[in-house]
Each structure stands twice: as C-alpha cells, then as structure tokens.
Amino acid sequence: MRFLSVLLISATGLAAQERPSPEELLKTKLASPFLKKADWITDYDKALALAKKRKTLIFGYFTTTGP
Amino acid sequence: MGEDYVLFCSIDSKAAGWKHGELRKQKKLTGLPSIAFLDGEGRVLIRLRDRATGWRQFSTFGRKAERYVRLRSAAAEGDKIAKARFLHMQLNERQLTLATALEIRKEIADSVPQRTVENLDREILHLRISEELRAKGQKRRHELGPRFYRMWKKGPKPGEWVGRGFWFAILEWAEREKKIDEFAEAIEGLRRSIRWNDGDPAWAPKLLGRYHEKLKKLRERK
C-alpha cells in the first residue's frame with residue numbers, strides 16, 4: 001500500500017512537471033506560424049483603438065492555448 | 001483582409017500578465033475557434049457559423065458585417081425598412097430576447113411589406129421555440145413535443161432551419177408515447193435541420209443512426 005502511494009505521488013508529480021505552464025503554452029501559441037502570416041494583433045485594447053482610428057471593423061479570431 | 005479590417009487574435013489563457021484571457025467567454029462565443037466581427041466598441045456584430053473554407057466565404061462574411069453596421073445606423077435614424085432588416089439580422093444572430101423582438105416588430109409591422117412581416121414572424125417563432133426549450137431544459141423538453149408537433153403539422157410552422165432542439169423535443173415525446181409515425185417524421189425533420197444549419201457534419205450519421213435504431217426497436221415492439 002505504502003509502495004503504491006509513493007508510486008502514485010511520484011506519478012502525479014511527474015505529470016505536473018511535464019504539463020507546460022500557462023505561460024509556456026501562451027508562448028508557443030504566440031509563435032504559431034499563422035500569426036506571422038498576417039498583421040494579427042493579439043492585444044484587445046490595441047485592436048479596439050486601431051479599429052476606432054481607422055473607422056473599420058475587427059475581424060476576430062478567438063482561440064485558446066489549450067490542447 | 002488585413003487592409004480592410006483589423007485582424008485580432010484573441011487567445012484564451014491564464015498566463016500571468018495576459019490581459020483579456022477570458023474574452024471569448026465574455027463575448028459569449030462558445031465554439032473553438034470562434035470567428036466574429038466586432039465593432040470599435042467591442043460589440044459582437046455577427047459570428048461566422050459555417051466552417052469557412054475559402055476567401056469567398058470570408059469576403060461574404062465581411063460584407064454581411066458591413067451591412068449590419070449600415071442597417072444599425074439607418075435603424076437608429078428611424079428608417080422602418082432598415083429597422084425590419086436589422087431586426088432580421090439580429091434574430092439570426094440570436095442577439096435579442098423575445099420581448100425586445102416583439103416590441104420592435106410591433107413598431108414596424110404597419111410600415112413594411114406583409115412579406116417582410118411574415119419572414120420576421122418566422123424568425124420570431126424560432127426565438128420563441130428556443131426560449132421555451134431553454135425554460136424547460138433538456139430533461140423536460142419532451143413536454144413540448146405534442147405542441148411542437150402540432151405546430152409542424154398545422155402551423156404556425158417553423159422553417160426547415162429551426163434548431164435541433166425542436167426536433168429533439170418531438171423525438172423524446174414520441175419515443176415515450178410510442179408514436180412511431182411521429183418519431184419517424186421527427187428523424188427526417190432533424191436530418192433537414194442539420195443539413196440547413198450545419199451542412200454535412202461528421203457527427204450527423206452517428207446521431208441519426210441512433211434514432212433510426214430506436215425507430216427500429218419501436219417498430220419491433222409494436
């Protein structure tokens with residue numbers, strides 16, 4: 001039983017270590033090739049300000065970092 | 001595209017310091033990914049429902065968003081025809097409550113062609129159906145089945161593009177009551193609804209297959 005507990009704790013610890021942090025996931029997403037292919041803005045406030053300045057609409061693509 | 005519109009990519013994230021990491025949720029955009037046009041105030045104008053596969057679809061989507069803005073301005077200035085068209089767009093985008101939609105309809109009904117009013121009434125009926133379904137919830141939607149079936153047969157008849165919930169309510173009622181013909185009719189209705197609203201999705205054959213299995217069992221038990 002004790003052996004099993006140790007094994008489970010170790011396995012959980014390993015899984016936590018292997019799971020990328022939100023920061024790492026975001027970094028990977030921001031490096032996506034599709035974001036380089038056009039002038040995508042990822043800052044909402046900047047997008048709003050630019051749309052107002054240019055008097056145009058925002059084409060919004062909503063995605064996630066998660067799998 | 002980037003020359004015509006501001007291209008904005010919103011990323012859901014809990015990363016420290018990342019602003020607006022829950023924007024999609026705040027904008028009530030449920031799909032992943034979701035695509036929508038927003039105005040400079042951040043209001044969602046229209047959502048892209050079909051999976052766009054080419055430039056033409058995106059271009060049509062853009063024109064639709066621009067039309068939305070034009071109609072919104074004209075409607076605000078009191079143009080009744082624009083109000084009717086804008087109401088139609090808002091109903092399609094599910095941006096209104098039934099009470100608000102009925103209020104606008106009342107205001108414009110005498111100033112627009114009868115055909116326009118009929119089209120609006122059909123969309124308002126869809127909104128009424130979806131509000132009734134929401135109020136009942138999945139567990140009790142079968143209670144709406146008999147009335148929805150009567151509506152389908154005798155009117156006021158919803159369009160083929162009525163949401164799937166309408167047919168689920170009829171299917172679940174018909175299954176409980178062992179109404180084989182009604183069950184079979186509702187499978188066909190569901191198939192048409194999926195065709196209209198979702199095209200040819202990969203999940204449809206499995207879903208419809210399950211209902212055909214149930215139909216087979218209902219027939220065997222008779």
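Residue numbers start from 1 in every chain, and the chains themselves are labelled A, B, ... in the order their sequence lines are given, proteins ahead of strands. Keep in mind that this is a model prediction, so the values were computed, not measured.
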> State, to 0.1 Å, how close B:S13 and A:P22 come at their nearest heavy-atom pair, and which atoms those are.
OG-O, 4.1 Å

> Take a 6.0 Å sphere around CD of B:Q138 and say whether it holds more than 12 heavy atoms from other residues, nucleotides or ligands.
no

> Surrounding CG of A:D45 (heavy atoms of other residues, nucleotides or ligands, distance under 6.0 Å), is the total greater than 12?
yes

> So what's closer than 4.5 Å to chain A heavy atoms on B:I11: side chain, backbone, both or neither?
both

> Most heavy-atom pairs under 4.5 angstrom with chain B, which of A:A47, A:S21, A:A51?
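Most heavy-atom pairs within the cutoff with chain B belong to A:A47.
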
> Should we say atom CD of B:E103 is surrounded by more than 12 heavy atoms from elsewhere, each under 6.0 Å from it?
no

> Of the non-hydrogen atoms in A:L57 and B:E66, which two are nearest, and what is the gap between them?
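Heavy atoms only, the tightest pair is CD1-N, 4.1 Å.
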
> Given the rule in the ring-ring contact (aromatic ring centres under 6.0 Å, His included) test, do B:F37 and A:F59 qualify, once you have shown the distances and angles that lead to the verdict?
CA-CA 5 Å; B:F37 268 103; A:F59 177 85; 5.5 Å; yes

> B:E41 and A:K52: which non-hydrogen atoms are nearest, and at how many Å?
OE2-CE, 3.6 Å

> Out of curiosity, A:D43 CG to B:C9 SG, how far, rounded to the nearest 0.5 Å?
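Between A:D43 CG and B:C9 SG, I get 12.0 Å after rounding to 0.5 Å.
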
> If you look at every heavy atom in B:G40 and A:L48, which pair is closest and at what distance?
O-CD2, 3.4 Å

> Is B:V69 close to chain A through its backbone or its side chain, or both, or neither, when contacts mean heavy atoms under 4.5 Å?
side chain

> If I compare all heavy atoms of B:W18 with all of A:L30, which pair ends up nearest, and what's the gap?
CH2-CD2, 4.1 Å

> Measure the spacing between CZ of B:F8 and CD1 of A:I41 and express it to the nearest 0.5 Å.
9.0 Å

> Parallel, tilted or perpendicular, judged at 30° and 60°: which one describes the rings of B:H20 and A:Y44?
perpendicular

> Return yes when atom CZ of B:R85 has more than 12 non-hydrogen atoms of other residues, nucleotides or ligands closer than 6.0 Å, and no otherwise.
no

> Which heavy atom in A:F62 sits nearest to a heavy atom in B:L23, and how many Å separate them?
CE2-CD2, 4.0 Å

> To the nearest 0.5 Å, how far apart are NZ in B:K14 and OG1 in A:T65?
8.5 Å

> Please answer whether the main-chain N or O of B:P33 pairs with a side-chain N or O of A:T63 as donor and acceptor at a distance below 3.5 Å.
no

> When you look at CD of B:E22, are more than 12 heavy atoms from neighbouring residues, nucleotides or ligands closer to it than 6.0 Å?
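Open: at most 12 neighbouring heavy atoms sit under 6.0 Å from CD of B:E22.
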
> Report the distance from atom CG of B:L7 to atom CG of A:L50, rounding to the nearest 0.5 Å.
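That separation rounds to 9.5 Å.
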
> If you define the side chain from C-beta out and look only at heavy atoms, does anything of A:T56 sit under 4.5 Å from B:D4?
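Side chain of A:T56 against side chain of B:D4, heavy atoms only: no contact under 4.5 Å found.
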
